[in-house]
Every structure is written in structure tokens, then in C-alpha cells.
Amino acid sequence: MVESEIIHRYDAKCAGEIETHWQAQWSRDDAFRTSNPGEAGFDATRPKFYILDMFPYPSGAGLHVGHPEGYTATDILTRYKLMRGFNVLHPMGWDAFGLPAEQYAVQTGVHPAITTRKAIDTFRRQLQRLGFRYDWSREFGTIDPDYYRWTQSIWLRAYRSYYDASKGQARPIAELEAKLEKEDRVIAVTVAEVGAVESSILSEQKWSLCTPIQKQSYLDTHRLAYLGVQTVNWCPALGTVLANEEIVDGRSERGGHPVFRMPLRQWMFRITAYAQRLLDDLDLVEWPESTRTMQAAWIGRSEGAEVRFAVDGFGDLTVFTTRPDTLFGATYMVVAPEHPFVEWVRDRAPKNHQAIADYVQWSRNRSDIDRQAESREKTGISLGVSARNPANGELIQVWTADYVLMAYGTGAIMAVPAHDTRDFAFAKRFDLPIRCVVAATDGSAWTGELATSEAGTACNSRNDRISLDGLSTSDATTKMIEWLTSCGLGFRRINFRLRDWLFSRQRYWGEPFPIVFDDRGMHYPIAESSLPVELPSLADYEPVQSDHPVPPLGKAKEWVHTTAGEAGVDPTLLDPSTRVRRETNTMPGWAGSCWYYLRYCDPKNSSRFVGKEAERYWMGDRGVDLYIGGAEHAVLHLLYSRFWHKMLYDLGEVGTPEPFAKLFHQGMITSFAFERADGSLIATDGVREESGSWREIATNEPVTRVIAKMSKSLKNVVTPDEVVAEYGADTLRLYEMYMGPLADSKPWNTRDIAGVFRFLQRVWRLVVDERTGALMFARIANPEIERQLHRTIQKVAQDIERLAMNTAIAALIELVNLATRPTQMKDPADGGLTLDQMRRFLCALAPFAPHIAEELWHQIGETSSMGNASWPAVDETQLVDEMIELPVQIQGKVRARVAVPSGADATEIEKLVLADAKVRELLEGRVPKKVIVVPKRMVNVLV
RNA sequence: AGGCCCGUGGCGGAAUUGGCAGACGCAGCGGACUUAAAAUCCGCAGAGCUAACCCUCAUCCGGGUUCAAGUCCCGGCGGGCCUACCA
């Protein structure tokens, strides 16, 4: 018993000791530090590589096993690239402002600043326990005043800029102002009160005659960050604006409170100015096709025309259509209930005034989701007014209906029921005329039973001056646009689905806007030198119940009401003694993540958001070299970041048009759950396994195992902490990578972890005698193992580059299995790997399991850290065999194998194969008609 | 409703470019060692027919292209993701 006691075994305790020992050592040595250009230790001869993880939102629950999946992959690549001689930037930080933290704080009564800091500490500790090689000296959180000072600064840059359409780029708004001043241009001015809806244009006048408020309103219609009116979902009971997804049946999802749609003045971003560039530049990036498609769909470019329909007494009602070729088939019009035309009609139609008002009110209080529900029938009401179809001169009715959206196009449409399914449904419901103006290409007659939106041949489309009849849809479209343009009735237009970005939130836990208002409602920016505008520490940050939005920051009365001087407004803009009111909305959770990748390049810079030299070096020509994160951010975060980046690019602040050269989405880690016959789910602890199948404990009924998301209710959540305690960090890292392809969603199976753990134990035993702790090496390199070692190193390198960590690990396992073959081990001193082989093997293992690799590295006599090691060289000659066995097919079926020299060409191979005894036997004297030879692959003999 | 992606052993998966389907791991079975067990090591392992070899069938189903298809094309079925009255 005593002699069999194994004290030098790689078990959980041993792994834990090794891991914490080396983590402490790396920390003492500052081993993960990366130097910037100009700093001590920076080697300018090395190429750069910037590897970025989407930084986490630290929740109170800590990490779950999904987090380390992407992080392990980037860590492997980081360690590998370092061994390959790159300067690698691999940072980590915290996305820490936002709604969940605030709601958690309201629930627990603990201030979000405290809970968030605590959550960050937990996350950091957990990540460090996994040995990730982050340069922690670059760590920051979006809630750090030193960071959000620059978030505010960049926002101010947008505020002070406009999009110069002629140049196709952002320019300082001072340039626009100077031009207006110099040319004394005539501008459209709105009613005198600030924030009027754009449609209430009253008159036009010269710039020099405008009031300051009119000037500001005008500039606001050009700023990239501007104050504008947007219809929002306002929930008085919750005291906040809600997203569409948070509303069910016109009530809040949480609590079932009523929600009202109301126009609200909010800070917006003019992201629509960048729509075309955001679309075009998707060609510059190496991103998953699905993500690029989603972004393109979100931007939603469509080509068509704007067409004017005359309404007596009103003027022109303008529509956007992608099918101007069907103008002759427009038999009625529809405007959105929010369209100003409705208001105009209502005031002039006393007969159905009330009915129209009721309909508008009713539709206004319906959420977008409600309005868009597929199953519901179309609703609407006739406005009792007619417009003239400019093509055929017919008078057609104008309706209002909520299937037309104010936010898209012009908020009004021409309805062509014969060729649009929505218009068709509406026309059927309200018995409106339908006219076919596009004939099917195959000549078949239109049935009138459903709308045909496909391209075809124009018909019934002629007037005195134009005829489209007989033209294809695309030719008819071109001709119609030309005609409309020549008559001044319309023009070609490209429309985008993308809308401007609502950037205000009625929240406490976010970045304050660096802006103040005077008594007249004019806004003034805070001077750069007075940033940050710090978030005031509030004891009561709960939302306010009200009929009108009251942001929680409004409660900080002393902070809100101040003077221009105290707030830090430039004295040349506003007298310092002027009483001002601070903006009380805050920025949304997305703000901090829009530019964090830039700050990592130079996180301590106190004079710029990022130093130019550091930005140019780390961002290089194409930006971040590899960005890994979840597909849930495929649209919003990535689109917002690209937008900010392009603004900064236009303003000369960054050197690349796109921020992220290559993007990769890791899959989700799921878990198992169990399903009853009726489809209901059972938690894992309510089930027992019985000879390969599962039964519910309570009823003894058989259940099936299914894949489900990890959730508390199903009791199938696994945390890294528990895995580390049972097996160690190296095993967790290895298991997460070995589960399957990084991009796939894969189920966690605790039982499978033993496999990779046993692999690490075999690695350990390869060198360490478990009883004595003595080191064991082969005296002579076994040639088969040597050859396999070269192949493994080669494969691991290739697999890491393409992020196929699972197959890289399989290759490492195969090598270790080969090296531990007991036939090689009869004499311990003669088995396994030589010292030199072990050295090279550990280099290949280190990216995956850095702790055990570092430990063994030192045990075999190395004194410097593995972090300084180079990737082992591969001898090309070891990768090819002299002879290879080719499968030989007869009539397409593998019937024999023939050994041939690996360099043999097709003729040689054919000769060798046909001379082979087995092949001749199988051919039974038949003469081959054709022999297909694919060197190094196979041979197919056809008779 | 539309768009995109995916269906391979009992399970996770491999097959990178159309070229030996099932690497590697888990679970399973048999053996060695042990008084016994654990641990470790060795072997077996898609299905069918076999004592065994052979052979036949086999990558969701049905067609097609090809000397050759898990891989390409067409049609279905099943699952997932996204968008959802965008004129």
C-alpha cells in the first residue's frame, strides 16, 4: 500500500497548485504586459496583431461557462502569435453602464456603482483564474470617469460636425456656419419655438435675419448628434421609454402597465447620413456572410422614385415607391396616421372629423409590434379627399391606415393593389378599385385573385405623352422616372430602411450628456477642458412615475440647476453667470462599446482619446485583426461602432475606414434538459439514467434528452468555478475547445470532461514518474514519434490559424497516445519523448494548457518562461512519407490498396497499380477501359 | 410569410479542395495487472449476414450531375437563427 502511494500525480489538487503558482509568478513578472511604440521593451521589427474579445457586461452572477469559450480561443491565438514573433495586443475591460445594473440596484437597494464594481472584481478574479493572457495594465471600465470623459468628448465631436453630402464625409459644423454667414444663404426656418416638428416650416429667410434660436434649429437639422423628435413608447408607470420588444398588447411586458406612443425630443445620431458607406464598406471586411447580410438588410437600401400627387388646396402629397412603373395602376393613396396631411384634412372635414381623430388616436396607442402582426386584418379610414394620379389624371381617394409607417419613405404611399400584396388586401377589405398594369411574362391573363408583384410587361399604362405598354418592368421603371423628372412630377430616389439612432435614455446609470440649456431652450456644449461631466452620486435613482418623462437625474436638483461657468461652458459662447439646466437624459448602454477597442491602444492617455502613434500602430491598415464575440451583436453594436469609427475617420482621428478587419462569432454553449411525452421540460435533477435511457423520478415515465439553453429553472447551469475546482483551469480550457467547432452551438456534457483531463494526466506521466517524481526521457528519438511530432506541430499551427482548436487538440492527443505506447515504455528510460522532443511538444501544448506546460517546461530544466519561447520549427522532409498506400477502386468501389512512392506521377502510379497482383486478380483478365489517377489520393480502374 | 444556416454511430464530433466515411473523445464490451476494487494499459466497437473472411447496406428522405457525392444541383421532411406591412 505504501509503495503504491502516488504522490506526484496530476490530479485536481496538483493542477490547482500549479495553476495558482504560475499565475502568481506571471503576475509578479508582469509577463502579460505589452509595450506601445516608443516605450521601453517595444520591438518595432515585429509585426503587430490585435486580438479582441467583445468585452463582457459584468453581472452579479459571475461568469458562466459560455464566457470563457471565446476568451479561450483568443488566448490560444494570442499565445501562439507571440511564439510566432508578433507584438500582440490582447486587452480586456468592462461594459458596465446600462439597464440591467440599474434594475438590479433598484431591486436590491444597493447603489449600481457598488454592485457593478463588485461584479467587475468577480469577473476579473474568475478570468485571471483561467490564466488568460490579457494585458491587465490596459484594463478599464466604461463607467470610469477617465474613460467616459472621452465618450463624451467623441459625442461632442459628432455634435460639432455635420455631414457634407458634396464631399461625402463629416466636416466641422463651423465650416457650414461660416458658409451660411458668408453667403447669407436663404434657409427654411421653423416656428420660433425650439424643437418644432420639421413639417411645420413657416417661411424662408436670410441667415443674417434669423434669430439665434432659428439658427440653432437649422444647425440641428445638420449636426451628426442632434436634438430631434422621435415617436417613443412611453410607460408612465415605469417612468421610462420602452423598446418595442418590451411591449405586449399595448402594455409593458413587465407589470402590464399602459404604454403610450408619444413624440419626444431626444438626442439623435444622424447615422442615416452614413447608410451608403456603411453598406458599401461591408465589402472591406472579412466577416461572416450572415452578419454582413444582416447588416445590409438592416440598412435596407431600395431604389425607386419619389412621386408627387396633387391635392386641391393642400399642394403635393409625396410618396416613395420602388415601382414607379406601376403608377398607372395606383388607384388610391394611403398616408400614415401620424402624417401631417391627416391633421390638415381633419381640420377641413367636419363630417368625419371625429371618426378620423378616433382612428388616429387608436392607432397611435398601438405598438409597432401590434401594428405589424401578420394575422391581423388591415384597418384604415377614408379621409374623404382625392388626389390626382399624375400619370392618368384620375382622381383617387386618399386614406389613412396604420400599415403605412411614418418613419419609412415619406410616410405616404401610392397603392397599386394589383401588384402589391398589402395594397391588395386593403383594397379587397374596403372595396377599392384594382387595375392590372403589369402582364405576366408568360402571357397568361391576370386572375384578379392575388397581387402579382413579380416583374413582367407593362400594360394599360399610356397617356397622351407617355406609353409604357409592352416594356419590361425595368425598362418601364427607367422610362417612367425619366418622364416624371422631365415633368417635374418626381425624381429617382434611393431610400434606406435605416433610421436615425435614438441616443437618449431616461436612465440613471449611463454617461451624462456634456450639454446644458438656457432658459430659452438653447443648448450649449461643455468645453473639452471641463470634461468629464461626472455622473452625480444619487441615493435615489429610481424611475419617476409620471405622465411625462422625467429622467432620474432630474432628482439631482443642485447638479441640474447650475450656471454656465460652473458647468464648464466656454465663456465666449455664454456668459459664465447665466443660469443653465443640465441635460438629464443619459446615453444608452451602447455608447461605451462604440469605441473601446481604440482606447485599449493607449488607455492611459490623458490628452487624447487615443494617441495617434499608438492608434496607427495597433489598428494598422485594417483595424482590429480578429474580433470574437456573440452573434447577438451582429447588427446593433457592430453597426454603431462602424458608424462612430467612420465619423472619427472623416475627422482625421483614426486611420482606417473600418474598425474590425476580421470578425468571428463563437457558438452558444447549451446544456441538456429532459422532455416529457407532452413536450414539457423537466430539470436535470428530476431525472435518472437507467441503462442508457432516462426516466422521470417522480412518475417513472420515460423522457427524452434534449438540448436547451442553460437556465436556473432547468438546473443545468455550469459555472467555471466548479469545473476549475474539480479539474483545474487547463482542463476547462481544453474541454471548451474540444467540444466542437468554435462557431457551432454545442451542449455541455460534464461526463466528457474526464477525457481531456485524462489526456493532461497522460502528458504528465510522459515525463514524470508518479511515484518518485523523477523525470523520464527516451534516450534515442524514435523515428516514428519524431515524424509524428513534426506533423503534429504543423497541424496544430494550421488549425490554430483557422480557429479549429478541436482538431488541434485531437492531434495533440494522438501524438501523446503514440508516445505512451507501452511497447516503447518497457524500459522507462527508453520510452516516451526525448528531452528535445518534450521541449517542442510543450511549445505546441502551451497555448491550450499554459499552466501544465509552463510547469513541465521548468521541470525539464528551462529557466525562462514559456512566454519567451518560439514556435518549434517543422522539418518539411518529415512531413512526407517515402511510400504511400493508395486505395484502388474498381468500378468506383475500393477493392485494393497499393503502395507507391509518394512522389510518383500518374503514369508511374498507373503502371504500378495495374501490375499489382491483387488488382490483376480482381480484374480477372479484363482490360481496363480507363484508369483515373489522382496522385496522393486514389486510383479508379474502369473496365 | 420570407431570407440564411444545419441534419454523419448510443453521445460530442472528424473528413480543410468532390477522392479510403466515422479521426479524437465520452459512454459501452472484452482482456491484462490486483485477494478485490479504483487507477492504468491493451483490444473490440455504424448496421446486416457470418465461426471468421468475404460480401451487402449505410452520412434525414427522393431524384440528378460525375469515373467518384457527407461534400455540388433540384424537390421534400425535420431543427435552428434572423427579419417581419419598409411601399
Side-chain angles (χ1 to χ4, degrees), chain A residues 4 6 9 11 288-291 293-294 297-298 300 302 304 319-323 326 334 368-369 371-376 378 401-405 407-416 419-423 425-426 453 495-499 631-632 634-635 668 672 689 691-693 705 707 734-735 738-741 743-756 758-759 761-762 765 770 795 798-799 802 804 806-807 809-814 817 820-823 825 885-889 891-895 897 929-934 936-942:
Chain A
S4 69
I6 294 165
R9 188 176 176 75
D11 54 18
E289 200 49 47
S290 60
T291 303
T293 309
M294 279 167 67
W298 189 265
S302 48
V319 303
F320 171 72
T321 176
T322 53
R323 293 292 301 275
T326 62
V334 187
D368 274 345
I369 292 205
R371 286 171 62 158
Q372 293 163 5
E374 174 74 23
S375 56
R376 95 185 171 75
K378 296 260 184 298
D402 64 3
Y403 83 92
V404 173
L405 310 173
Y408 184 79
T410 61
I413 63 157
M414 63 178 213
V416 186
H419 308 292
D420 182 285
T421 52
R422 298 152 301 183
D423 298 342
F426 192 81
S453 49
N495 196 56
F496 292 94
R497 201 191 76 114
L498 184 69
R499 299 172 199 180
E632 66 274 18
V635 176
M668 198 184 7
F672 291 119
E689 190 176 355
S691 57
S693 64
R705 192 167 78 165
I707 287 165
L734 228 36
Y735 175 64
Y738 193 60
M739 289 172 75
D744 290 4
S745 141
K746 321 159 265 276
W748 185 272
N749 193 351
T750 301
R751 190 152 69 181
D752 289 349
I753 302 173
V756 283
R758 287 201 280 255
F759 161 64
Q761 290 182 315
R762 270 200 303 280
R765 279 197 303 270
E770 289 190 326
K795 177 161 177 59
Q798 284 169 350
D799 284 355
R802 64 185 182 105
N806 53 334
T807 50
I809 294 168
L812 289 167
I813 293 173
E814 280 186 86
N817 287 350
T820 41
R821 284 278 143 75
T823 45
M825 299 284 279
E885 215 177 47
L886 279 190
V888 176
Q889 296 183 344
Q891 304 292 69
K893 287 193 175 178
V894 180
R895 292 290 143 119
R897 277 163 239 285
K929 278 204 204 94
K930 193 176 180 187
V931 181
I932 293 152
V933 180
V934 184
K936 294 189 190 352
R937 289 289 181 188
M938 65 181 317
V939 177
N940 195 358
V941 182
L942 303 172

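Per chain, numbering begins at 1; letters A, B, ... match sequence-line order.
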Give none if [N] has no partner; otherwise give the nucleotide forming a Watson-Crick or G-U wobble pair with it, both distances under 3.5 Å.
N      : answer
B/rC85 : none
B/rA69 : none
B/rU34 : none
B/rC24 : B/rG12
B/rG46 : B/rC57
B/rG78 : B/rC6

Using a cut-off of 4.0 Å on non-hydrogen atoms, how would the nucleic acid contact of [X] be classed: base, sugar-phosphate, or nothing?
X        : answer
A/Gln798 : nothing
A/Ile413 : base
A/Asn817 : sugar-phosphate
A/Thr293 : nothing
A/Met938 : base

What is the separation between atom [atom1] on [X] and atom [atom2] on [N], rounded to the nearest whole Å?
X        : N      : atom1 : atom2 : value
A/Arg497 : B/rU83 : CZ    : P     : 9 Å
A/Ile813 : B/rG25 : CD1   : P     : 6 Å
A/Tyr408 : B/rC85 : OH    : P     : 12 Å
A/Tyr735 : B/rC11 : OH    : C1'   : 11 Å
A/Phe320 : B/rA87 : CZ    : C1'   : 8 Å
A/Arg9   : B/rA38 : CZ    : P     : 14 Å
A/Gln891 : B/rU66 : CD    : C1'   : 14 Å
A/Asp402 : B/rC85 : CG    : C1'   : 9 Å

Rounded distance in Å between the [atom1] positions of [N] and [M]:
N      : M      : atom1 : result
B/rA39 : B/rG46 : C1'   : 31 Å
B/rG25 : B/rG78 : C1'   : 28 Å
B/rG18 : B/rG30 : C1'   : 40 Å
B/rC4  : B/rC55 : P     : 44 Å
B/rU50 : B/rU65 : C1'   : 37 Å
B/rG76 : B/rC26 : P     : 42 Å
B/rU71 : B/rA15 : P     : 16 Å
B/rG75 : B/rC5  : P     : 14 Å

For A/Lys746 and for A/Val756, locate the closest nucleotide of RNA chain B by heavy-atom distance; then report the residue assigned to the nucleotide nearer the 5' terminus.
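Residue closer to the 5' terminus by nearest nucleotide: A/Lys746.
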Name the residue closer to the 5' end of RNA chain B, choosing between A/Pro887 and A/Asp744 according to the nucleotide with the nearest heavy atom.
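So the residue in question is A/Asp744.
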So that I know where these two stand, are A/Trp748 and A/Tyr735 an aromatic pair - ring centroids less than 6.0 Å apart?
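Centroid separation for A/Trp748 and A/Tyr735: below 6.0 Å.
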Between A/Lys378 and A/Tyr403, is there a donor-acceptor pair closer than 3.5 Å when you use the side chain of the first and the backbone of the second?
no
Under 3.5 Å: donor-acceptor pair, side chain of A/Asp423, backbone of A/Val416:
yes
Indicate the atoms forming the closest heavy-atom contact of [X] with [Y], along with that distance.
X        : Y        : answer
A/Arg499 : A/Leu405 : NH2-CD1, 4.3 Å
A/Met294 : A/Ala634 : CE-CB, 3.9 Å
A/Asp744 : A/Lys746 : O-NZ, 2.7 Å

Would you mind telling me which of A/Thr326, A/Asp420, A/Val334 makes a side-chain contact (heavy atoms from CB on, under 4.5 Å) with A/Met414?
A/Thr326
Given [options], the nucleotide with the shortest approach to the side chain of [X]:
X        : options                : value
A/Asp420 : B/rA27, B/rA87, B/rC20 : B/rA87
A/Arg897 : B/rG25, B/rC20, B/rG12 : B/rC20
A/Ser302 : B/rA87, B/rA27, B/rG25 : B/rA87
A/Lys378 : B/rA15, B/rC85, B/rU40 : B/rC85
A/Arg895 : B/rU56, B/rC82, B/rU16 : B/rU56
A/Ile932 : B/rC67, B/rA14, B/rU40 : B/rC67
A/Tyr738 : B/rC41, B/rC24, B/rC26 : B/rC24
A/Asn806 : B/rG13, B/rA23, B/rC55 : B/rG13
A/Val934 : B/rU40, B/rG19, B/rG13 : B/rG19
A/Asp799 : B/rG13, B/rU16, B/rU40 : B/rU16

Can a donor-acceptor pair under 3.5 Å be found between the side-chain atoms of [X] and the base atoms of [N]?
X        : N      : result
A/Arg937 : B/rC20 : no
A/Asn940 : B/rC67 : yes
A/Lys893 : B/rU56 : no

Pull up the glycosidic torsion of B/rG9 and say syn or anti, syn being anything within 90° of 0.
syn
Distance check, rounded to the nearest 0.5 Å: A/Met668 atom CE versus A/Glu632 atom CD?
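Here the interatomic distance stands at 8.5 Å.
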Verify the distance criterion only: is there a donor paired with an acceptor across the side chains of A/Tyr738 and A/Thr807 at less than 3.5 Å?
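No, no side-chain donor-acceptor contact under 3.5 Å.
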B/rC26 phosphate, OP1 or OP2, under 4.0 Å from A/Arg758 side-chain N/O
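Result: yes.
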